[in-house]
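Labels below follow one simple rule: chain letters A, B, ... track the order of the sequence lines, proteins then strands, and each chain is numbered from 1.
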Protein chains: 2
Amino acid sequence: MARAGLTTERLVRAGAELADEVGFDQVTVSAVARRFDVKVASLYSHLRNSQDLKTRIALLALAELADRAAEALAGRSGKDALGAFAHVYRDYARAHPGRYAAARHPLDAETAAGSAGVRIAQLTRAILRGYDLTEPDQTHAVRLLGSVFHGYVSLETAGGFSHSAPDSQESWTRILDALDSLLRNWPAQP
Amino acid sequence: MARAGLTTERLVRAGAELADEVGFDQVTVSAVARRFDVKVASLYSHLRNSQDLKTRIALLALAELADRAAEALAGRSGKDALGAFAHVYRDYARAHPGRYAAARHPLDAETAAGSAGVRIAQLTRAILRGYDLTEPDQTHAVRLLGSVFHGYVSLETAGGFSHSAPDSQESWTRILDALDSLLRNWPAQP
DNA sequence: CCATTTGCCTAAAACCCTTAGGAAAATGCA
DNA sequence: TGCATTTTCCTAAGGGTTTTAGGCAAATGG
């Protein structure tokens with residue numbers, strides 16, 4: 001019987017595609033097996049279990065996002081960098097909703113520490129080099145940016161802003177203007 | 001055989017408690033049935049299906065959140081209102097992580113339109129009455145606040161800010177200061 | 001007090017997860 | 001090349017969740 005050539009890599013990539021097509025929480029070991037026309041049990045030599053598959057998809061998504069962000073940020077600073085990063089983030093979520101959901105999948109502390117998530121955090125911090133913030137305000141700002149990007153994209157993906165004026169793109173642009181303004185005029189401790 | 005006294009209401013409340021204890025996506029029709037010491041099939045006279053259960057838990061959570069927000073906002077305005085709303089939001093998520101996750105559960109358009117989610121959006125808009133914003137900036141600001149609150153709480157719940165200085169409470173406070181400042185100095189269209 | 005409605009049950013089919021053990025294909029070393 | 005080893009995929013099987021169909025007994029109400 002000819003072999004299918006399964007690999008952890010290929011399985012994870014297939015899982016990521018599946019996530020984009022049917023949603024991250026519809027990604028199942030069985031569905032991936034079907035996609036390779038292979039029996040379910042066969043996947044268990046390449047994956048520890050169902051949770052392992054999801055974690056790996058999450059790591060893939062984080063790495064892809066970090067790569068794109070890094071490329072977008074190269075050679076930019078200040079508002080330019082802020083806009084580029086935001087654009088990548090939102091675009092990725094819209095083009096790959098399943099992968100984006102995967103990237104939000106909770107990871108245990110050590111897995112998270114070894115993930116591309118830390119690279120994303122570093123890139124976020126790098127954006128702030130174009131603004132005049134010192135610790136601890138820089139960290140607060142990193143957290144604010146992370147919250148806005150994640151929050152906005154997540155609400156938008158859930159359909160929160162559809163079918164209502166003004167359209168989402170306009171809000172996104174104006175919110176970035178506002179954040180830029182805020183970072184340039186960060187309030188002192190009251 | 002004595003009856004268990006099942007009700008859609010009771011099932012949904014039990015599901016919400018279960019969500020807080022073991023996580024929203026571990027909430028299962030079977031688990032709720034076990035909690036009432038009843039056979040699974042019995043629940044299907046009170047719930048259409050598994051998705052129905054989750055949707056109802058989501059609606060319950062949204063309603064609870066809206067109630068608390070409304071109470072917190074009564075008699076407050078400006079930064080006071082902003083802080084009160086934010087406090088309720090974050091507190092609810094920390095005290096009821098499963099319900100909070102449920103509140104983020106995607107709803108189809110009509111269900112969402114009939115949910116307490118619109119009340120929450122109205123309350124968010126009410127906060128902005130204390131600031132000098134006109135349309136469409138007011139809508140942009142509503143979306144920004146929604147994004148920050150949801151994003152921050154969601155990242156925090158996922159463990160994003162734990163084990164790193166400064167602590168999360170401090171960032172939360174300073175981010176609210178920053179938002180207040182931003183709303184008072186909302187930038188004009190460039 | 002009996003008829004009807006309601007509530008919970010048993011049964012069963014379909015799907016997913018996971019482990020154990022086997023057979024064939026690929027690999028590698030003599 | 002030939003044979004032992006490893007790898008890959010399979011069958012088998014146990015256990016869990018979802019959902020529908022049909023039945024009996026408890027509550028309700030005229």
Side-chain angles (χ1 to χ4, degrees), chain A residues 1-60 97-99 101-102 105-108 111, chain B residues 1-60 97-99 101-102 105-108 111:
Chain A
M1 213 169 278
R3 295 191 178 180
L6 302 184
T7 304
T8 302
E9 268 302 301
R10 292 187 66 201
L11 294 176
V12 172
R13 269 205 301 275
E17 287 165 19
L18 203 56
D20 286 335
E21 291 165 17
V22 302
F24 182 58
D25 36 42
Q26 310 301 320
V27 172
T28 183
V29 182
S30 295
V32 174
R34 267 193 298 276
R35 184 164 280 227
F36 283 94
D37 201 32
V38 139
K39 298 297 173 183
V40 194
S42 307
L43 303 207
Y44 281 80
S45 339
H46 306 277
L47 301 169
R48 245 203 310 289
N49 51 37
S50 176
Q51 181 54 46
D52 186 35
L53 171 63
K54 295 203 168 178
T55 299
R56 287 177 189 274
I57 295 173
L59 294 175
L60 171 67
R99 282 162 150 97
H105 186 64
L107 303 174
D108 57 90
T111 307
Chain B
M1 214 170 279
R3 296 192 177 181
L6 302 185
T7 304
T8 303
E9 267 303 300
R10 292 187 67 200
L11 294 176
V12 172
R13 269 206 302 276
E17 288 166 19
L18 203 56
D20 286 335
E21 290 165 17
V22 304
F24 182 58
D25 36 41
Q26 309 301 321
V27 172
T28 182
V29 182
S30 295
V32 174
R34 268 193 297 275
R35 184 164 280 226
F36 283 93
D37 202 31
V38 140
K39 298 298 172 184
V40 193
S42 308
L43 303 208
Y44 281 81
S45 340
H46 306 277
L47 302 169
R48 243 203 312 288
N49 52 36
S50 176
Q51 181 55 45
D52 185 36
L53 172 62
K54 295 203 170 178
T55 298
R56 287 176 189 274
I57 295 174
L59 294 175
L60 171 67
R99 282 162 150 98
H105 187 63
L107 303 175
D108 57 272
T111 308

Do any side-chain atoms of residues 30-41 of chain B form donor-acceptor pairs under 3.5 angstrom with protein atoms, and if so which ones, sequence neighbours left out?
{"unit_1": "B:Arg35", "atom_1": "NH1", "unit_2": "B:Glu17", "atom_2": "OE1", "d": "3.4"}
{"unit_1": "B:Arg35", "atom_1": "NH2", "unit_2": "B:Glu21", "atom_2": "OE1", "d": "2.5"}
{"unit_1": "B:Arg35", "atom_1": "NH2", "unit_2": "B:Glu21", "atom_2": "OE2", "d": "3.4"}

request  = Go through residues 40-47 of chain A and report each residue with a non-hydrogen atom lying under 4.0 Å from DNA chain C, sorted by number.
outcome  = A:Val40, A:Ala41, A:Tyr44

query = Which residues satisfy the side-chain contact (heavy atoms from CB on, under 4.5 Å) test with B:Glu9, sequence neighbours excluded?
reply = B:Thr7, B:Arg13

key: Nearest non-hydrogen partners of A:Phe24 and A:Ala101, listed with the distance   = CB-CB, 3.8 Å

query = What are the two closest non-hydrogen atoms of A:Leu11 and A:Leu53, and how far apart are they?
reply = O-CD1, 4.3 Å

query = Where is the tightest heavy-atom contact between A:Ala58 and A:Ala102, given as atom of each residue plus distance?
reply = CB-O, 3.1 Å

request  = Please identify each residue that fulfils salt bridge (charged side-chain N to carboxylate O under 4.0 Å, His left out) with B:Asp52, with sequence neighbours left out.
outcome  = B:Arg56

task = List for me each residue that meets side-chain contact (heavy atoms from CB on, under 4.5 Å) alongside A:Ala16, sequence neighbours excluded, and say none if there are none.
result = A:Ile57, A:Leu60, A:Arg99

query = Residues in ring-ring contact (aromatic ring centres under 6.0 Å, His included) with A:His46, at least two apart?
reply = none

ask   = What is the distance from CZ of B:Arg48 to C1' of D:dT20, rounded to the nearest Å?
value = 15 Å

task = Grab the CG-P distance between B:Leu53 and D:dT19 for me, whole Å please.
result = 10 Å

query = Between A:Leu107 and A:Leu59, is any pair of side-chain heavy atoms under 4.5 Å apart?
reply = yes

ask   = Heavy atom of residues 4-16 of chain A under 4.0 Å from DNA chain D: which residues?
value = A:Ala4, A:Gly5, A:Leu6

ask   = Can you check the A:Lys39 NZ to D:dT11 P distance for me, whole Å?
value = 5 Å

ask   = Do any of residues 18-38 of chain B sit with a heavy atom less than 4.0 Å from DNA chain D, and if so which?
value = B:Thr28, B:Val29, B:Ser30, B:Arg34

task = Work out how much the helix from C:dC1-D:dG30 to C:dA30-D:dT1 bends between its end axes, five pairs an end, to the nearest 10 degrees.
result = 10°

request  = Apply side-chain hydrogen bond (donor to acceptor under 3.5 Å, both in side chains) to B:Asn49 and list each qualifying residue two or more places apart in sequence or on a separate chain.
outcome  = none

key: Sub-4.5 Å side-chain heavy-atom contact between B:Thr28 and B:Ser50   = no

For B:Thr55, side-chain hydrogen bond (donor to acceptor under 3.5 Å, both in side chains) partners two or more places apart = B:Gln51

Partners passing side-chain hydrogen bond (donor to acceptor under 3.5 Å, both in side chains) against B:Thr8 (at least two apart in sequence or in another chain) = none

